Each structure stands twice: as C-alpha cells, then as structure tokens.
Amino acid sequence: METLTSLDHLPWDALADRLDREGFAVTEPLLTPDRCREVIDLFDDDAAFRSTVDMARLSFGAGRYRYFADPLPALVRELRTRLYPPLAAIANRWAGLLGEDPFPDDHAGLVAACAAAGQHRPTPLLLRYGPAGYNCLHQDVYGDLTFPLQVLIMLNTPDVDFTGGESVFVEQRPRQQSRAMVARPGLGQAVVFPVRHRPKQGSRGHHRVQMRHGVSAVHTGERHVLGVIFHDAR
C-alpha cells in the first residue's frame, strides 16, 4: 500500500492554533475516496477486529463500532504512527501549561508506556451509523495513561451518502454554561480534538476545560468514521 503523502504537508501550526482557540481543528482530506471505501469495506471483516459494541444495548446511542485487532491494518498503523509526533508536540505544550507529565515523542514510546501501565489493547475503531443512529457525549479514556488528542476521519460524503450525523463537541466551562460546537468534515477529512480536556487561558493562568464529544442523529443513509486513538486500552 502506498504511503499517505497527504500527511507530509499538514499545516500543524495553524491546526494547533485552531485547537487552542476553538477546541477542535479540521484538516484537508487525508484519505482519497478509494481509500475511504477500502476502510468501510473492512467493517464486515470479523477477522480485522477484536471486539464489537452495540451502542443501543449499552445506552451509548444507536449504531455499532468495532475495535481493530493487532496487527492493525497498514493504513491505520501508518495514520497512528505518523500523526502522533506533531500531535505529541501540541500535547506536551499543553502538559507544560497544565503542570502535567509529558508524553513520548514517538508513538512506539507511547505504546511502551501504555504497556507498562497495563494497557495492551489497540483502540483505533471503525464506526457505523444508520438512520436514527447517534452517539451520546463521552470521553475515550481507556486507562490511567490517556493521550490528550485523537482524530476522526470521515469515510462518507455528507448530504450525499447520509444526512444529519454532525460531530458534536461540548466544552464544560467552569462557573459558566457549557458551549456546544459542531463539525461537518467532508469525505476523507479529519477532525483533531481533545480526548478529555484542554488548557484555556484565564485571569489566573491556564486551567483545564473538560471536553466531551458525540454524534447527532443521522437522518438518512449510512455514516462511517475511522477513529484514531493513540493510547492503548487496559
């Protein structure tokens, strides 16, 4: 499989600025339509996954998602490995602002740190929503070690393959009402956003602002998303 040249020239300074100001950032397309179709087709390959979650059964929403098994598909592994270093630079700047421990500079280092913390299971996942499908607000925390940024990649074309199904982010601001934000990435585009919290400048320095994310109801069609989470699960 060819390497993803789309990752070579991402404007990381601009993406970091958007994350700081807005709480999420949308990239240019990272995957071609053919690559998106290849990932969607994996959903029905049981051998590619270690577990499947029916969201309705657990009151998480309506739809299904599947966690990839080791070894990860080459495309997913490349995304995880190559996106991590620039995201780690952002994460470590945030950690400095919040007085938190820094993260390794490369993804192999993070995987090793996760293993030392008892977190061995890969967390990248593929999600499928049909009509009336949705995902409740949540945080993807799988153990004591949580890398603070994650990426979703849209695998369908909004308003063509499906309607509705916006990505929703809610920022819980201390002593203020929560702020809701919506992203509508196009085919192959990625959204970068916090797993759990991000720093925000206040009158007394930076403080943690909690973030949660979910998906609004799909009205028609099917919506598939590739979720790239960088820390492993316990």
Side-chain angles (χ1 to χ4, degrees), residues 10 12-27 55 60-61 65 67 79-80 83-107 109-111 113-114 116-119 121-125 127 134-153 166-183 185 190-216 225-234:
L10 285 172
W12 285 109
D13 287 346
L15 293 171
D17 181 66
R18 183 68 187 272
L19 279 163
D20 287 343
R21 289 186 295 108
E22 301 296 334
F24 69 93
V26 181
T27 74
M55 286 187 267
F60 290 168
Y65 56 87
Y67 289 103
L79 286 165
R80 217 180 185 206
L83 288 172
Y84 178 83
L87 291 176
I90 299 171
N92 285 333
R93 178 169 57 80
W94 283 8
L97 294 173
L98 296 174
E100 298 174 347
D101 293 334
F103 296 90
D105 292 331
D106 59 31
H107 191 251
L110 180 70
V111 170
C114 285
Q119 298 171 215
R121 297 184 297 161
T123 48
L125 70 165
L127 303 98
Y134 68 97
N135 199 345
C136 296
L137 293 172
H138 64 283
Q139 297 174 323
D140 293 306
V141 177
Y142 295 102
D144 293 334
L145 200 166
T146 300
F147 185 71
L149 291 161
Q150 66 190 79
V151 175
L152 70 81
I153 300 177
E166 292 86 1
S167 295
V168 179
F169 306 95
V170 173
E171 179 183 87
Q172 297 174 274
R173 301 180 294 176
R175 298 176 299 280
Q176 299 180 58
Q177 294 189 2
S178 298
R179 180 172 73 116
M181 300 161 283
V182 172
V191 184
V192 184
F193 58 98
V195 173
R196 183 163 54 182
H197 60 248
R198 69 184 185 96
K200 191 169 179 103
Q201 178 72 55
S203 60
R204 299 182 180 179
H206 286 85
H207 58 273
R208 291 173 185 80
V209 174
Q210 293 293 318
M211 299 280 294
R212 303 175 80 84
H213 61 277
V215 177
S216 69
V225 169
L226 172 63
V228 183
I229 299 167
F230 296 91
H231 50 279
D232 286 340
R234 186 177 296 279

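Just so it is clear, the model here is predicted, and its values are computed rather than measured. Side-chain atoms are counted along with the backbone in the values below, which use heavy atoms only and exclude waters and symmetry mates.
The shortest non-hydrogen separation linking P104 to A88 is O-CB, 3.7 Å. Looking at every heavy atom in both residues, G214 comes nearest to L137 through N-CD2, 3.8 Å. Nearest heavy atom pair, residue F169 against residue M211, reads CB-CE, 4.3 Å. Looking at every heavy atom in both residues, C114 comes nearest to L145 through N-CD1, 3.8 Å. The two residues C136 and G61 have their closest heavy-atom pair at SG-N, 4.0 Å. Contact record, V209 with Q172: CG1-O, 3.8 Å, taken as the closest heavy-atom pair.
Considering CZ of R234 and OG1 of T123, their distance stands at 13.5 Å, rounded to 0.5 Å. The structure places NE2 of H107 at 10.0 Å from CG of L87, a figure rounded to the nearest 0.5 Å. Here the NE2-CD distance, from H197 to Q210, works out to 7.0 Å after rounding to the nearest 0.5 Å. Rounded to the nearest 0.5 angstrom, D140 CG and Y142 OH are separated by 4.0 Å.
Two residues are said to be in side-chain contact when any heavy atoms from C-beta on lie closer than 4.5 Å; F230 and L149 fail this criterion. The shortest distance between side-chain heavy atoms of D105 and N92 falls below 4.5 Å. L79 is not listed as a side-chain neighbour of V151, based on a closest heavy-atom distance of 4.5 Å or more. Between Q150 and V195, the closest side-chain pair of non-hydrogen atoms falls below 4.5 Å. Between W12 and P86, the closest side-chain pair of non-hydrogen atoms falls below 4.5 Å. Under the 4.5 Å side-chain criterion, counting only non-hydrogen atoms from C-beta, I153 is not in contact with V225. Between R196 and T146, some side-chain heavy-atom pair lies under the 4.5 Å cut-off.
Open room surrounds CD on Q177; 12 or fewer heavy atoms of other groups in view lie less than 6.0 Å from it. Remark: D106 CG is packed, more than 12 non-hydrogen atoms of other residues, nucleotides or ligands lying under 6.0 Å away.
Here the side chain of H207 pairs no donor or acceptor atom with the backbone of Q201 at under 3.5 angstrom. Without hydrogens or angle criteria, Q119 side chain to D144 main chain gives a donor-acceptor distance under 3.5 Å.
A salt bridge links D20 to R93: at least one charged side-chain nitrogen sits closer than 4.0 Å to a carboxylate oxygen. Between E171 and R212 there is no salt bridge, since no side-chain N of the basic residue sits under 4.0 Å from a carboxylate O of the acidic one. With respect to R198 and E22, no salt bridge is recorded, no charged nitrogen being found less than 4.0 Å from a carboxylate O.
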Candidate pair D232 and R80, rule salt bridge (charged side-chain N to carboxylate O under 4.0 Å, His left out), full reasoning: CA-CA 11 Å; D232 286 340; R80 217 180 185 206; 2.7 Å; yes

Test side chain to side chain contact (heavy atoms under 4.5 Å, CB included) applied to L152 and V228, step by step: CA-CA 6 Å; L152 70 81; V228 183; over 6 Å; no

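Side-chain contact, S216 with E166: a donor N or O sits under 3.5 Å from an acceptor N or O. No side-chain N or O of H213 forms a donor-acceptor pair with one of N135 less than 3.5 Å apart.
Ring centroids of F24 and F193 are separated by 6.0 Å or more, keeping the two rings apart. Less than 6.0 angstrom separates the ring centroid of Y84 from the ring centroid of F147.
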